[in-house]
Amino acid sequence: MGEVLPGEVRQIGYVVTDLDDAIAGWLKMGVGPWFVIRGLSQRVTYRDTPCEVTLSLALSNSGDLQVELIQQLDETPSIFTEFLAGAAAGGFHQLAYWADDFDAAMVKLAEAGWLQVWSGGEGEGVRFAYFEPPTGAAIVEVMELTDASAGMAEYVRAQAAAWDGRDPVRELGG
C-alpha cells in the first residue's frame, strides 16, 4: 500500500479545558508567540451529523512544527467533547497533515478504510477532515493547503522563529 497521508506531520493538536492556562504552560517551555482566535463558530459534521460548535484556538510553532490548542466553549457533542469524556484534563489529540490536493487525500483515506469522524470548511475557505487512525494519535486531521492557510502557517512559523519573548499572546479576529 502506498502513502495514505499527504506528506509529513505539520501540526500537533491539543484539546484543552482552559486556553489561557494551556498557553501559559507552553510559554514556560519557550514556545510562542501564540496567535489566538476566540469564540469561533464552526459548522461541521460530527460522525455524519451536522452541528455547530464554538471554539477558541491558539497557534504557535516550535521550529517547523505548528502547535494548536483547541478549547470548545459549548457543550455540543463533538470530537472534542468525546475526547474530554475519556481525558477530562485534555491533552494530546491529533496529528495534522496539510494537503495540496485535498480531494485526492480524501479519496486515499477512504480507499484505506479510515473512518472520517469530523469535517468542515466547505464553502468557507479551508476544508478539513478528521479521521480515526490505526495508530499514533486519537485523531489525524487533514487540512486543505490554500494560499491563505499556507500564508498563515508561514506567518506563525516566521513569528516564532524571530520571537524575542515580547508580546506572547496576540489576539486575532474570530
Side-chain angles (χ1 to χ4, degrees), residues 1-19 22-23 35-60 65-153 156 172-174:
M1 178 168 75
E3 292 283 323
V4 173
L5 293 164
E8 60 194 39
V9 174
R10 302 299 303 268
Q11 180 195 79
I12 54 174
Y14 291 82
V15 173
V16 302
T17 57
D18 185 313
L19 190 68
I23 289 169
F35 293 87
V36 179
I37 300 172
R38 296 183 193 272
L40 176 66
S41 179
Q42 280 191 335
R43 285 187 301 271
V44 294
T45 300
Y46 169 54
R47 298 194 182 276
D48 298 323
T49 302
C51 65
E52 188 167 330
V53 296
T54 303
L55 308 171
S56 287
L57 309 171
L59 297 171
S60 189
L65 184 64
Q66 188 175 86
V67 179
E68 179 180 37
L69 306 175
I70 304 162
Q71 179 184 0
Q72 185 171 328
L73 302 175
D74 59 32
E75 297 298 321
T76 303
S78 72
I79 204 67
F80 309 118
T81 60
E82 181 180 297
F83 179 77
L84 289 171
F92 171 67
H93 184 249
Q94 72 214 37
L95 298 172
Y97 297 77
W98 299 342
D100 291 317
D101 187 338
F102 186 80
D103 295 322
M106 294 303 98
V107 168
K108 281 185 179 181
L109 286 156
E111 288 173 349
W114 287 34
L115 179 63
Q116 183 175 311
V117 294
W118 185 257
S119 63
E122 295 290 334
E124 297 175 19
V126 178
R127 296 176 291 171
F128 56 89
Y130 288 22
F131 295 86
E132 290 181 337
T135 190
I139 294 293
V140 165
E141 175 185 6
V142 176
M143 185 185 79
E144 182 176 28
L145 196 59
T146 65
D147 289 345
S149 62
M152 182 62 180
V156 172
L172 303 175

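Applying the ring-ring contact (aromatic ring centres under 6.0 Å, His included) test to residues at least two apart or on different chains, the pairs with a partner in residues 70-90 are F80-H93, F80-W118, F83-H93.
Applying the side chain to side chain contact (heavy atoms under 4.5 Å, CB included) test between P6 and each of V142, L145, D100 identifies V142 as the sole match.
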Inset, instruction - I would like to know whether Q116 and L109 meet side chain to side chain contact (heavy atoms under 4.5 Å, CB included); could you show each step before the answer? - result: CA-CA 9 Å; Q116 183 175 311; L109 286 156; over 6 Å; no
Inset, instruction - Given side chain to side chain contact (heavy atoms under 4.5 Å, CB included), test I12 with L95 step by step and report yes or no. - result: CA-CA 5 Å; I12 54 174; L95 298 172; 3.9 Å; yes
Inset, instruction - Check the pair Q72 / T81 against side chain to side chain donor-acceptor pair (under 3.5 Å), numbers first and verdict last. - result: CA-CA 8 Å; Q72 185 171 328; T81 60; 4.9 Å; no
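Counting heavy atoms from C-beta outward, L172 and M152 have side chains that approach closer than 4.5 Å. Proximity of E82 to R47: side-chain heavy atoms (C-beta onward) are separated by under 4.5 Å at one or more points. Considering only heavy atoms from C-beta on, F131 stays 4.5 Å or farther from V117 through its side chain. In this structure, Q11 and E141 have side chains that are in contact, with non-hydrogen atoms separated by less than 4.5 Å. For the pair L73 and R38, the minimum side-chain heavy-atom distance is 4.5 Å or more. For the pair W114 and P133, the minimum side-chain heavy-atom distance is below 4.5 Å.
Closest heavy-atom contact between Q66 and W98: OE1-CZ2, 3.7 Å. Taking each heavy atom of Y46 and C51 in turn, the nearest pair found is CB-SG, 4.0 Å.
For the atom pair CD1 (I37) and CG (L19), the distance works out to 10.5 Å, reported to the nearest 0.5 Å. Here T146 contributes atom OG1 and R127 contributes atom CZ; the two are 10.0 Å apart, rounded to the nearest 0.5 Å. L55 contributes atom CG, which lies 12.5 Å from atom CG of L69 (distance to the nearest 0.5 angstrom). From E52, atom CD reaches atom OG of S78 across 12.5 Å, with rounding to the nearest 0.5 Å. Put simply, CD1 on I79 and CD on Q94 are 9.5 Å apart, with the number rounded to the nearest 0.5 Å. Distance check, rounded to the nearest 0.5 Å: CZ of F92 to CD1 of I139 gives 10.5 Å.
A search for side chain to side chain donor-acceptor pair (under 3.5 Å) contacts involving T17 returns nothing, not counting sequence neighbours. Residues passing the side chain to side chain donor-acceptor pair (under 3.5 Å) test with Q71, sequence neighbours excluded: none.
Checking side-chain atoms of S149 against main-chain N and O of E144 turns up a donor-acceptor pair under 3.5 Å. Remark: the backbone N or O of G39 is paired with a side-chain donor or acceptor of S56 at under 3.5 angstrom.
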